Amino acid sequence: MFSSFFKSKKWAAWAYIGMFFLFVSLYAQTDINVRFNEWYKSFYDMMQNVKEYKIDDFWASIMAYCWLAFPYIFIVTITNYFTRVWAFKWREAMTFDYVEFWRNTKQEIEGSSQRIQEDIYRFAKIVESLGLQVVRAIMKLIAFIPILWGLSDKVEISFLKDVPGSLVWVALVVSVGGLIISWFVGIMLPGLEYNNQKVEAAFRKELVYGEDDKINYAKQETLVELFTGLKFNYHRLFLHYGYFDLWLISFSQLMTIVPLIIMGPGLFTGLITLGIMMQVNNAFSQVRNSFSVFLNNWTTITELRSIHKRLKEFEQNINYRHKI
């Protein structure tokens, strides 16, 4: 899966120069996000004390936002486009690496077409999305942890105000705690996804055979039987995703108000301004979301684990059959 792209001379330029470009573009995005965070403080401080400012100050602040927003939009658009191309190159490398071994096997391997076409496609697409988010999260942590650490001295809640970097620790604890709980709540999902793909493959295989021979394949009773198994697996999967979604949505809503609860008392006592509160809210969200990148993508990770398991089995089958 990885050696076909990252250890190949043919794909080395795409693999490593492309990765370097992505790192540079993600760094630029993170730098702009830090500037956005500074803008929140100045803008909301102005809105809290509008009598001390003129309308020209308001429009100047809006223009400052635009000078940040438009380059950010351009960079993100270019990054997303290049990431899709880069992931497709990875898919191309994997596909023809697998095909070379598969064509030389002396025995047929069940589900080969699905593994080579669909699973590799889905693997590359998920890695494209998830990998970009993970790298972006790491860069945001590097940029925003010092900011959030510095803002922690504005906390007025008694059991937190004497803790250095309290806001960072709160973000870390709730994120790790949420991840651990999610692991147990969703522990059944990877296995269910894996089983679901097996019954999907059986149903699709019967339909493919039926395209060429409707007399012996794709009979009504056979399709009904296969689809019944498919339906049973999907309803079971939906049930487990249902209670997982209940937990995940509840956790997400709770995290929205955590920084407001922590910083709110300081606003009423005059320790902080509205601008600082909004700056903390933004920085806390950036750090907490970065810590929670795996939690926020749990269903995607579940699917990736299932695909990785199937591709690993396919690789083992290729190697075993190739030796026979």
Side-chain angles (χ1 to χ4, degrees), residues 2 5-6 11-46 57-93 121-151 168 171 175 252 255-256 259 275 278-301 304:
F2 295 93
F5 191 54
F6 291 98
W11 299 103
W14 270 104
Y16 294 102
I17 296 176
M19 186 181 293
F20 176 76
F21 173 79
L22 290 174
F23 275 119
V24 170
S25 63
L26 289 173
Y27 174 81
Q29 293 175 44
T30 304
D31 182 66
I32 295 176
N33 275 315
V34 170
R35 297 174 187 272
F36 272 129
N37 183 262
E38 296 170 353
W39 180 87
Y40 281 124
K41 179 183 181 301
S42 60
F43 182 77
Y44 282 101
D45 278 346
M46 180 180 65
D57 297 318
F58 171 79
W59 289 117
S61 184
I62 296 297
M63 285 300 299
Y65 178 88
C66 292
W67 278 109
L68 294 174
F70 291 132
Y72 183 81
I73 292 169
F74 176 77
I75 294 171
V76 172
T77 302
I78 294 297
T79 304
N80 290 344
Y81 171 78
F82 184 81
T83 304
R84 295 185 184 103
V85 174
W86 187 77
F88 189 83
K89 294 295 182 182
W90 190 350
R91 176 192 176 185
E92 184 179 351
Y121 161 72
R122 294 171 67 191
F123 176 83
K125 193 165 184 64
I126 292 175
V127 169
E128 165 205 323
S129 172
L130 190 60
L132 200 65
Q133 291 183 60
V134 169
V135 176
R136 184 181 284 123
I138 293 172
M139 290 190 174
K140 283 184 178 180
L141 286 175
I142 294 172
F144 279 96
I145 282 180
I147 295 173
L148 198 58
W149 192 283
L151 291 169
V168 176
S175 300
S252 177
M255 290 304 101
T256 301
M278 298 308 297
Q279 185 183 23
V280 169
N281 186 58
N282 175 258
F284 185 90
S285 297
Q286 298 280 3
V287 172
R288 206 272 303 173
N289 285 332
S290 297
F291 278 138
S292 301
V293 65
F294 294 110
L295 175 60
N296 295 336
N297 290 278
W298 195 261
T299 54
T300 303
I301 293 171
L304 180 62

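This one's a predicted model, so the numbers in the text were calculated from it and none came from an experiment. In this chain, residues are counted from 1 in sequence order.
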**Prompt:** Does the gap between the ring centers of Y65 and F36 come in under 6.0 Å?
**Reply:** yes
So, taking the atom named [atom1] in [X] and the one named [atom2] in [Y], what distance separates them when rounded to the nearest 0.5 Å?
{"X": "M46", "Y": "D57", "atom1": "CE", "atom2": "CG", "value": "6.5 Å"}
{"X": "L141", "Y": "N289", "atom1": "CG", "atom2": "CG", "value": "10.0 Å"}
{"X": "Q29", "Y": "R136", "atom1": "CD", "atom2": "CZ", "value": "4.5 Å"}
{"X": "M139", "Y": "D31", "atom1": "CE", "atom2": "CG", "value": "11.5 Å"}
{"X": "Y81", "Y": "T83", "atom1": "OH", "atom2": "OG1", "value": "11.5 Å"}
{"X": "Y27", "Y": "I75", "atom1": "OH", "atom2": "CD1", "value": "12.0 Å"}

**Message:** I'd like to know whether Q286 forms a side-chain contact (heavy atoms from CB on, under 4.5 Å) with N37, so could you lay out the CA-CA distance, the side-chain angles of the two residues, the decisive distance to 0.1 Å, and finally the verdict.
**Reply:** CA-CA 10 Å; Q286 298 280 3; N37 183 262; 5.8 Å; no
Restricting to non-hydrogen atoms, name the atom on [X] and the atom on [Y] that form the minimum distance, rounded to 0.1 Å.
{"X": "Y44", "Y": "G275", "value": "CB-CA, 3.6 Å"}
{"X": "K140", "Y": "S290", "value": "CB-OG, 3.4 Å"}
{"X": "N80", "Y": "L132", "value": "OD1-CD2, 3.8 Å"}
{"X": "I32", "Y": "L68", "value": "CG2-O, 3.7 Å"}

**Request:** Begin from the C-alpha positions of N282 and M278 and carry the test side-chain contact (heavy atoms from CB on, under 4.5 Å) through to its verdict.
**Result:** CA-CA 6 Å; N282 175 258; M278 298 308 297; over 6 Å; no
If you define the side chain from C-beta out and look only at heavy atoms, does anything of [X] sit under 4.5 Å from [Y]?
{"X": "I147", "Y": "V287", "value": "no"}
{"X": "I142", "Y": "T30", "value": "no"}
{"X": "W86", "Y": "M19", "value": "yes"}
{"X": "N33", "Y": "F144", "value": "yes"}

**Main-chain N/O of F58 paired with S61 side-chain donor or acceptor, under 3.5 Å** =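 Checked: no pair found.
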**Prompt:** Within a reach of under 6.0 Å around CZ of F88, are more than 12 heavy atoms found that belong to other residues, nucleotides or ligands?
**Reply:** no
